[in-house]
Amino acid sequence: MSYRELAAIIEKSNRLVFFGGAGVSTECGIPDFRGQEGLYNRPSQYPPEEILSHTFFERHPDIFYDFLRENLLKYRVSPNKGHRALAELERMGKLTAVITQNIDNLHQVAGSQNVLELHGTLSRFYCPCCAEKFTLDWVNSRNGVPKCHCGGVVRPDIVLYEEPLDDRIWQAAMQALAEADTLIVAGTSLTVYPATGLLRCFKGDRVVIINRDETGFDQSADLVIRQPFGKTMMKTMIELGAWQPGVTMVAPELDGFVFHPSFPGIEICPVLAEEQGWGIRSQLAKIHPGAEIPPHTHEGVEVFSIIQGSAQVLIDGDWIQANPGTALVASPGTTHAVRNSGKEDVLLFANFSC
Ligand code: CNA
């Protein structure tokens, strides 16, 4: 099995470098460009690369922001098991750098320290006229094109097409690759340059490609895995003995809880669950002892079920174990069926229509 081979490769490695792209985050619900459900396969007046170009931003900031809000900014998602596995491999002293073409900041949220963002990040914005900095929350709180107090059009701190990459990050990526013994490439079509050209700097022993579709580099890889990245990494971490199946395995998945602003003792975790094409946006909440349970509907949130016994919850297409006291919190319009089997509460999500 391919994840066994991957685990064996990781075991032998001491300076692993990861090079990833948009496919790393599709299991979180963020679409890629060229994958089967990618933005290139959706009807649009302009191709994504044209909209995300410097010229287009200058000429049509309104269309640029509509695209950004619709396709990239609306997702408030948690990292998936793949992001978390990479952070864990870094903590274990195996992985030295994550080089990413992504702009979603999810590697950092998962806990990776050395992240080289070749194309910048959507977590920072600035005014090109006066250099004033803005946060993503600030941009999200505005409608349409966000304007600075000086009148400038605020832009994301990403590298738009036609713009040069950051030389400091490029040099660091070259060095990390030159010193690496193993390279894992995942979730990238390897068609975007100059980023893909960086791979020439790798002089190590082993190359692994984890990608749903074929890439032009598959033939030079030692191992090619055509499986979803997050699931592959989860199985690999279990194979390595770094994660345990069951409750402890899913513990990292339940990171990111924040206390509900109105209900003391209740923590909410935004997650995106998906199975067989049903998109299900839902939230998990931890109910602490003595917490006041919200009324059935509050501020657009409904509490459906509080797990009494041992239960499994569907997140990212995987059934995971949830602790007693965990509640499923879902937006109005979502329906789900609850199936009880003996002492176990099994929550089955269905028919998302939010
Ligand atoms: P791409 O050209 O869209 O290719 C993505 C590749 O990932 C495809 O070959 C898919 O088959 C593959 N893939 C999709 N899902 C999975 C999965 N779960 N497991 C394994 N493989 C999968 O994307 P690239 O990153 O190669 O192109 C570079 C562009 C896309 C960069 O400039 C990014 O900034 C840009 N982008 C980033 C994001 C993001 O930050 N999340 C989203 C969309 C686009």
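Every number for a ligand or one of its atoms is a count from 1 in the order of the listing.
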Sub-3.5 Å pairs, protein N or O with ligand 1 N or O:
{"from": "ligand 1", "atom 1": "2 (O)", "to": "Arg34", "atom 2": "NH1", "distance (Å)": "2.4"}
{"from": "ligand 1", "atom 1": "2 (O)", "to": "Ser189", "atom 2": "OG", "distance (Å)": "2.6"}
{"from": "ligand 1", "atom 1": "3 (O)", "to": "Phe33", "atom 2": "N", "distance (Å)": "2.7"}
{"from": "ligand 1", "atom 1": "3 (O)", "to": "Arg34", "atom 2": "N", "distance (Å)": "2.7"}
{"from": "ligand 1", "atom 1": "4 (O)", "to": "Ser189", "atom 2": "N", "distance (Å)": "3.3"}
{"from": "ligand 1", "atom 1": "7 (O)", "to": "Gly187", "atom 2": "O", "distance (Å)": "3.3"}
{"from": "ligand 1", "atom 1": "7 (O)", "to": "Asn211", "atom 2": "OD1", "distance (Å)": "3.3"}
{"from": "ligand 1", "atom 1": "9 (O)", "to": "Asn211", "atom 2": "ND2", "distance (Å)": "2.8"}
{"from": "ligand 1", "atom 1": "11 (O)", "to": "Asp213", "atom 2": "N", "distance (Å)": "3.2"}
{"from": "ligand 1", "atom 1": "11 (O)", "to": "Asp213", "atom 2": "OD2", "distance (Å)": "2.6"}
{"from": "ligand 1", "atom 1": "15 (N)", "to": "Thr26", "atom 2": "OG1", "distance (Å)": "2.7"}
{"from": "ligand 1", "atom 1": "18 (N)", "to": "Gly23", "atom 2": "O", "distance (Å)": "3.4"}
{"from": "ligand 1", "atom 1": "18 (N)", "to": "Thr26", "atom 2": "OG1", "distance (Å)": "3.1"}
{"from": "ligand 1", "atom 1": "18 (N)", "to": "Glu27", "atom 2": "OE2", "distance (Å)": "2.9"}
{"from": "ligand 1", "atom 1": "19 (N)", "to": "Phe229", "atom 2": "N", "distance (Å)": "2.9"}
{"from": "ligand 1", "atom 1": "21 (N)", "to": "Arg212", "atom 2": "N", "distance (Å)": "3.0"}
{"from": "ligand 1", "atom 1": "25 (O)", "to": "Ala22", "atom 2": "N", "distance (Å)": "2.8"}
{"from": "ligand 1", "atom 1": "26 (O)", "to": "Thr188", "atom 2": "OG1", "distance (Å)": "2.7"}
{"from": "ligand 1", "atom 1": "26 (O)", "to": "Ser189", "atom 2": "N", "distance (Å)": "3.0"}
{"from": "ligand 1", "atom 1": "26 (O)", "to": "Ser189", "atom 2": "OG", "distance (Å)": "3.3"}
{"from": "ligand 1", "atom 1": "32 (O)", "to": "His119", "atom 2": "ND1", "distance (Å)": "2.8"}
{"from": "ligand 1", "atom 1": "34 (O)", "to": "Gln101", "atom 2": "O", "distance (Å)": "2.8"}
{"from": "ligand 1", "atom 1": "40 (O)", "to": "Ile103", "atom 2": "N", "distance (Å)": "2.8"}
{"from": "ligand 1", "atom 1": "41 (N)", "to": "Asp104", "atom 2": "OD2", "distance (Å)": "2.8"}

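In this model, no donor atom of one side chain and acceptor atom of the other lie less than 3.5 Å apart for Asp157 and Thr121.
Between Thr215 and Thr188, every side-chain heavy-atom pair lies at or beyond the 4.5 Å cut-off. Side-chain contact between Leu39 and Asn71: present, with at least one pair of heavy atoms (C-beta onward) separated by less than 4.5 Å. Looking at heavy atoms from C-beta onward, Val24 lies out of side-chain contact with Thr100 at the 4.5 angstrom threshold.
Here Glu90 does not pair with Arg84 in a salt bridge; the nearest charged N to carboxylate O distance is not below 4.0 Å.
Shown here is Glu163, whose CD atom has more than 12 heavy atoms of other residues, nucleotides or ligands within 6.0 Å.
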